[in-house]
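Have a look at the structure below, then the notes.
What you see is a predicted model, and the numbers here were worked out from it, not measured in a lab. The first residue in the sequence is number 1, and the count goes up from there.
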Amino acid sequence: MNSPHVPVLLDEVLRAFEGIKSGVIVDCTLGYGGHSGAILEQNQNVNLIACDQDEEAINFSSERLKKFGQRAQIFKSKFSEILNKIEQTQIRGILADIGVSSLQLDKNERGFGLKSENLDMRMDAQAKFSAYDVVNSYSARELERIFEGYGELPNPAKFAAKIVEARQNGEIKSAERLAQIIGLKGVNGRSVSAATLAFQAIRIEVNNELGELQNLLQGIEDSQIDECVVAIIGFHSLEDRIVKNKFKQWAQSCICPPQALKCTCGGDNALGKIVSKKAITPSAAEVKANPRSSCAKMRIFKISRGKNAR
């Protein structure tokens, strides 16, 4: 069963988990089952638990993974909440591929794309809050906040003002109209348009994407999960920065304040070690075959609680 979505960094993901011989791998972002199916094929004695918010993705992947029988278990859940719904003692791998699938971007009715007739951007189509609400109800100051913080747009006040002014002529009902209002020209000499960055910011706000990522990482830290490979794939600097900083924190043996004259914490507080010193990025061949993979960055951490990972 072919997937309508191409999984990014698939070979690199499989290498990250190839040493796992038993237990459970959790795919926190099931999507259309590309990563999950390949992991189950490679790791013959491993079970998989996966989750997604998108009913369409869940239905597709349930059929795709049916051949694996009871080895594959799927939940409808936010990825930040999945660890609280399952038995944790056997978890030996955790994968999260943060971002929007190609099918979500390309489907007009989902309202993610710049030419969409809708204005939606919900990962969970049953959620009440959508991009329509952000665009038509947020104040100029609130729009400026998300454009600056989540879109890293230069002069975010200008783009917020454009939306507020356009609303005076009626509600903004389509992503295509919103893109025209914001502008399709590149910003700061880059090829990426102001509209693309603004759409990223609105999508992150609608789905609380950075909060979800932070909650997932904190949930892993607060759990008793041990001897586990954690692989996180992000698609922009905001996500990658969160993962990078959290992994660095997890790898610290000493957690004493910087001004402390000597270590009093015991120096054995590291949760494990960073496996990927630098972010893992797609090969030139992958980018050529799937241009949307070009922004992907994966970082890997191996949890070994109670062991000094220096």
Side-chain angles (χ1 to χ4, degrees), residues 13 16-17 20 22-31 35-36 39 46-54 57-58 61 72-100 122-124 126-127 129 149-150 203-236 238-253 255 265 268-276 279 297-307 309:
V13 166
F17 296 123
I20 300 176
S22 62
V24 172
I25 294 176
V26 180
D27 186 347
C28 297
T29 45
L30 170 65
H35 287 125
S36 286
I39 288 169
V46 166
N47 292 332
L48 180 131
I49 295 175
C51 72
D52 208 288
Q53 296 185 71
D54 190 325
I58 289 173
S61 293
Q73 188 176 6
I74 298 173
F75 291 81
K76 182 179 181 184
S77 172
K78 294 181 178 181
F79 62 73
S80 65
E81 299 172 354
I82 185 62
L83 296 180
N84 294 325
K85 298 180 178 182
I86 61 178
E87 170 59 45
Q88 298 180 359
T89 57
Q90 295 301 308
I91 295 176
R92 297 293 175 262
I94 297 173
L95 171 67
D97 175 6
I98 314 299
V100 185
R122 291 172 297 172
M123 299 285 193
D124 180 354
Q126 296 179 356
F129 186 64
Y150 299 157
R203 192 197 78 220
I204 289 172
E205 177 75 2
V206 167
N207 298 289
N208 187 29
E209 291 177 32
L210 300 185
E212 285 289 299
L213 176 57
Q214 289 167 331
N215 290 339
L216 171 65
L217 293 169
Q218 192 61 49
I220 294 171
E221 180 178 332
D222 294 341
S223 74
Q224 297 303 309
I225 294 170
D226 200 3
E227 297 306 316
C228 175
V229 175
V230 180
I232 311 289
I233 302 172
F235 285 84
H236 53 74
L238 300 173
E239 294 168 342
D240 187 57
R241 194 177 304 134
I242 289 171
V243 177
K244 179 181 179 180
N245 290 339
K246 181 58 79 171
F247 282 6
K248 284 177 67 177
Q249 177 190 328
W250 287 357
Q252 290 178 351
S253 295
I255 57 173
C265 71
D268 60 352
N269 293 284
L271 293 187
K273 65 179 180 180
I274 296 171
V275 176
S276 53
K297 291 183 178 181
M298 179 168 68
R299 295 185 185 272
I300 306 171
F301 190 93
K302 174 63 186 295
I303 295 177
S304 297
R305 296 178 187 270
K307 298 177 182 178

Using side-chain heavy atoms (C-beta onward) and a distance below 4.5 Å, is Asn269 in contact with Ser253?
no

Under the salt bridge (Lys or Arg N to Asp or Glu O under 4.0 Å) rule, collect the residues that match up with Glu81, sequence neighbours excluded.
none

Val24 meets the side-chain contact (heavy atoms from CB on, under 4.5 Å) criterion, sequence neighbours left out, with Val26, Asn47, Ile49, Gln90

How would you list, by chain and number, every residue that makes a side-chain contact (heavy atoms from CB on, under 4.5 Å) with Ala231, sequence neighbours excluded?
Phe17, Leu95, Met298, Ile300

Is a salt bridge present between Glu227 and Lys302, judged by a nitrogen-to-oxygen distance below 4.0 Å?
yes

Can you list everything that forms a salt bridge (Lys or Arg N to Asp or Glu O under 4.0 Å) with Glu209? Sequence neighbours excluded, please.
Arg203

Say whether Asp27 and Ser36, considering side chains only, have a donor N or O and an acceptor N or O under 3.5 Å apart.
yes

Give, for atom OG of Ser304 and atom CG of Leu271, the distance between the pair rounded to the nearest 0.5 Å.
9.5 Å

Can you name the closest pair of heavy atoms from Leu210 and Glu239 and give their distance?
CD2-CG, 3.9 Å

Lys78: which residues meet the salt bridge (Lys or Arg N to Asp or Glu O under 4.0 Å) condition with it, sequence neighbours left out?
none

Please name the pair of heavy atoms, one in His236 and one in Ile204, separated by the smallest distance, quoted to 0.1 Å.
NE2-CD1, 3.5 Å

Here the pair of heavy atoms bringing Asp52 nearest to Ile58 is O-CD1, 3.4 Å

Output yes when a side-chain donor or acceptor of Asp97 lies under 3.5 Å from a complementary backbone atom of Thr29, and no otherwise.
no

Beyond-backbone contact of Arg241 with Leu238, side-chain heavy atoms, under 4.5 angstrom
yes

Note: Leu30 and Ser61 closest approach over all heavy atoms is CD2-CB, 3.6 Å

Quick one: list whatever passes side chain to side chain donor-acceptor pair (under 3.5 Å) with Asp240, sequence neighbours left out.
Arg299

Scanning both residues in full, the closest heavy-atom pair of Gly23 with Arg92 reads CA-CG, 4.3 Å

Considering non-hydrogen atoms only, spot the tightest contact between Ile225 and Ile303 and give its length.
O-CG2, 3.5 Å

Tell me, please, which residues at least two apart from Phe247 pass ring pair (Phe, Tyr, Trp, His ring centres under 6.0 Å).
Trp250, Phe301

Donor on one side chain, acceptor on other, Ser77 and Lys85, under 3.5 Å:
yes

Does any part of the side chain of Leu83, heavy atoms only, come nearer than 4.5 Å to the side chain of Ile220, both counted from C-beta?
yes

Ser22: partners by side chain to side chain donor-acceptor pair (under 3.5 Å), with sequence neighbours left out
none

Flag for Gln249-Asn245: side-chain donor and acceptor within less than 3.5 Å
no

What's the separation between atom CG in Asn207 and atom CD in Gln53, rounded to the nearest 0.5 Å?
6.5 Å

Could you tell me whether the side chains of Lys246 and Gln214 share a donor-acceptor contact shorter than 3.5 Å?
no

Do Ile233 and Ile98 come close enough that some side-chain heavy atom pair is under 4.5 Å?
no

Contacts of Arg122 meeting side chain to side chain donor-acceptor pair (under 3.5 Å) (sequence neighbours excluded), chain-then-number -> Asp120

In the structure I gave you, are the side-chain heavy atoms of Ile25 and Ile94 within less than 4.5 Å of one another anywhere?
no

Just so I know, are the side chains of Ser223 and Arg305 near enough to count as touching, which here means a heavy-atom distance under 4.5 Å?
yes

Any side-chain heavy atom of Cys28 within less than 4.5 Å of one from Leu216?
yes

Counterpart residues, salt bridge (Lys or Arg N to Asp or Glu O under 4.0 Å), relative to Lys76 (two or more places apart):
Glu55, Asp124

All side chain to side chain donor-acceptor pair (under 3.5 Å) counterparts of Asn84, not counting sequence neighbours:
none

State the CZ-CD1 distance between Phe75 and Ile86, to the nearest 0.5 angstrom.
7.0 Å

